[in-house]
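One structure is given below, encoded as structure tokens.
Side-chain atoms are counted along with the backbone in the values below, which use heavy atoms only and exclude waters and symmetry mates. Chain letters run A, B, ... following the sequence lines, proteins first and then strands; every chain starts at 1.
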Amino acid sequence: MKLRDRISYLLFFLLAGAGAGLTLAIFFFMVLLGRPLFDGATFDLLLASKWLPDRGLYGLLPFVFSSALIVTCSLLLAFPLSLGNAILIHLLAPRFLARGLYRLVSLMTGIPTVIYGFVGVFLLVPLVRESFSRGSGMSVLSASLLLALLISPTMILLFVESFAAVPKAHLRALEALGASPRQKLLHIILPGAANGLLAGFLLAAGRALGDTLIALMVAGNTAARPTGLLDPARTLTAQIALVMAADFDSIEFKTIFACGIILYLGSAGLTLLFRALVRRRHDPSGFGVNP
Amino acid sequence: MKIRCHGVVEKGLGLKVFLLLLMFGFLAGWAPYPAGAADGVIRISGGTAHIPVMKAAARVFMEKHPGVRITIAGGGSGVGIKQVGEGLVDIGNSGRRPTEREIEKYGLVLHRWALDGVGVIVNRDNPIRKLTRQQLKAVFSGRISNWRELGGVDHEITLCSREAGSGTRKVFWKKALEKGDISDRAQVVPSNGAMKIAVAGNPYAIGYISVGYLDGSVAGVALDGVAPTLENVKSGRYPVVRGLYSNTKGSARGLVKEFIDLLYSPVGEKIISGKGLLPVER
């Protein structure tokens, strides 16, 4: 290797190492600061089924449940929507419309979540409250709808990109056989882009899991576990934001680190799941298409 | 004259925008501050009940000292105490007396400059304007969950409460609920401004707020026949009262001292009573 190559190799190695090191350091930092929580008696407190600090109950399970529920609902709403949109942009829409849609979606990826929260508080929440006879409008449903809106653009862009990465030659071959757009989609594009679809889906899931403001503003933040979509709920991220102001030495404050660890492991889990799935698929399309 | 306010916007942008931004004030509370307390900067954060007075006092102060910049952030009492203790701000406001442990740990010096009531509020469209203490306790513990049981419409009550570090919550819990339970079904909002939005926007909501924030957009509820007004706080008839504190790490010096002195001056007292609070002597 030339000297110059070596220097750049070293430089990039250090940068990558620093990035990876920071990520790991954050995890160890949380474990270290949250350590008082992990002796037997206190740990049991975290497993209580309720969060009632005034009565000495510090259960985090309702928040884990709420986070999982809101993320699942928003993905159920956003995935079909995004897939449909991506197919429209890539395959079905006339060129000018597809280009316009694509630009619009790109623009939407940049909207800060505060804006969605803002609109949600004044438009969506009253609408949800008036549409159903029960509840205050601050609910799992409102938060899921807004989160779906937040994560869809990212998914659509990734989907469109993975569609575009399907080799043109295969498509032309199919066209030559007189295939309809539907046949192209089902037999070439979707199988070929499966890894990309998976990547987009999991990235969106991670984003939904990590978002704080939308849930904080429109989900209502009740400590109790929600029993339906119209019930209010508090996510792990909102719990961190709300308890941040508590006294440093209190158990309430220390539970923040437990929440952080759960969120960290959750998103790490999603990433690992993605890698495992991609490896298992062994690219059955045989196209050598990578996300 | 320049005011840079985190979470506080000049008049004219509309009440909703102002209140909503107050709501985010608590997030802005975490934003990094310019390093080092330069001579011309006073950084303030913490309790949201203090903000109207802080804003007005900052304006007066900067008219006298055109070179000085004052930043005002929300965050809630807990954030104010923490940030001043760690030197992130010069003045940390709290709507409760910092605990002995907090005072000792950070070497805080307390400046109590006003008394503030914490009043129960409902939506303007709600006909209910008075509750007994027993009723209030039953509502907040969740034993009463429908307005019908209080003589109102047949609809579920939306309980609104505040986050763990809130001074308003602590005082309300101690003095209005006498340490009774707050149901875990209560929705939680992160500031006085957000509480006002939550209750003003929902006809079935009930919450509690600094009397300084009470205005026409929501309706105050009398507790055992005593309405949460400045007059009743002043006369001592209204029982749910707390001090508003501006805390400094060590004794206040220089500009910070001057700013705090302003709060105790006749001008300061006028600002304080103008914002619906009761000024007190040092």
Side-chain angles (χ1 to χ4, degrees), chain A residues 49-55 57-59 62 112-115 117-123 125-126 129-130 133-139 212-213 216-227 230-234 238-253 255-256, chain B residues 16-17 19-21 23-24 26-27 29-30 46-47 74-83 85-86 94 98-99 101-102 105-106 142 155-167 169 173 177 179-191 194 197-198 201-205:
Chain A
S49 62
K50 285 190 165 192
W51 172 266
L52 285 169
D54 295 341
R55 277 205 248 155
L57 291 174
Y58 298 96
T113 63
V114 161
I115 308 289
F118 187 91
V119 172
V121 167
F122 290 114
L123 293 179
V125 166
R129 181 173 61 236
E130 298 309 324
S133 58
R134 59 182 287 260
S136 65
M138 300 266 190
S139 58
T212 311
L213 262 181
L216 188 66
M217 290 177 72
V218 305
N221 303 319
T222 49
R225 195 170 71 96
T227 51
L230 291 177
D231 276 357
R234 188 188 299 180
Q239 164 74 359
I240 293 179
L242 287 170
V243 173
M244 200 77 177
D247 183 359
F248 260 148
D249 293 320
S250 59
I251 301 184
E252 275 118 305
F253 188 80
T255 60
I256 284 181
Chain B
K16 282 185 174 178
V17 176
L19 291 175
L20 211 84
L21 285 167
M23 197 162 158
F24 307 133
F26 89 107
L27 282 179
W30 303 337
S77 300
V79 167
I81 292 169
K82 228 174 269 181
Q83 290 194 336
E86 286 169 2
S94 65
T99 61
R101 217 161 50 184
E102 283 167 335
K105 184 170 170 189
Y106 295 133
H155 198 282
E156 195 188 343
I157 298 175
T158 305
L159 266 184
C160 296
S161 186
R162 291 282 304 278
E163 78 286 358
S166 159
R169 179 190 203 273
W173 176 66
L177 301 179
K179 303 199 177 181
D181 284 341
I182 296 180
S183 162
D184 63 356
R185 305 214 140 270
Q187 303 194 358
V188 176
V189 293
S191 69
I197 295 178
N202 179 345
Y204 312 109

Side chain to side chain contact (heavy atoms under 4.5 Å, CB included) partners of B:S183, counting only residues at least two apart: B:L159, B:R185
Taking the inter-plane angle between the rings of B:H155 and B:Y204 on a 0 to 90° scale, is it parallel (under 30°), tilted (30 to 60°) or perpendicular (over 60°)? parallel
For residues B:T158 and A:M138, determine if any side-chain heavy atom of one lies less than 4.5 Å from a side-chain heavy atom of the other. no
For B:A186, which atoms come within 4.5 Å of any heavy atom of chain A: side chain, backbone, both, or neither? backbone
Chain B contact via A:P232 - side chain, backbone, both or neither, heavy atoms under 4.5 Å: side chain
Applying salt bridge (Lys or Arg N to Asp or Glu O under 4.0 Å), name anything that partners B:R169, two or more places apart in sequence or on another chain. A:D54
Atom group of A:R234 that falls short of 4.5 Å from chain B, counting heavy atoms: side chain
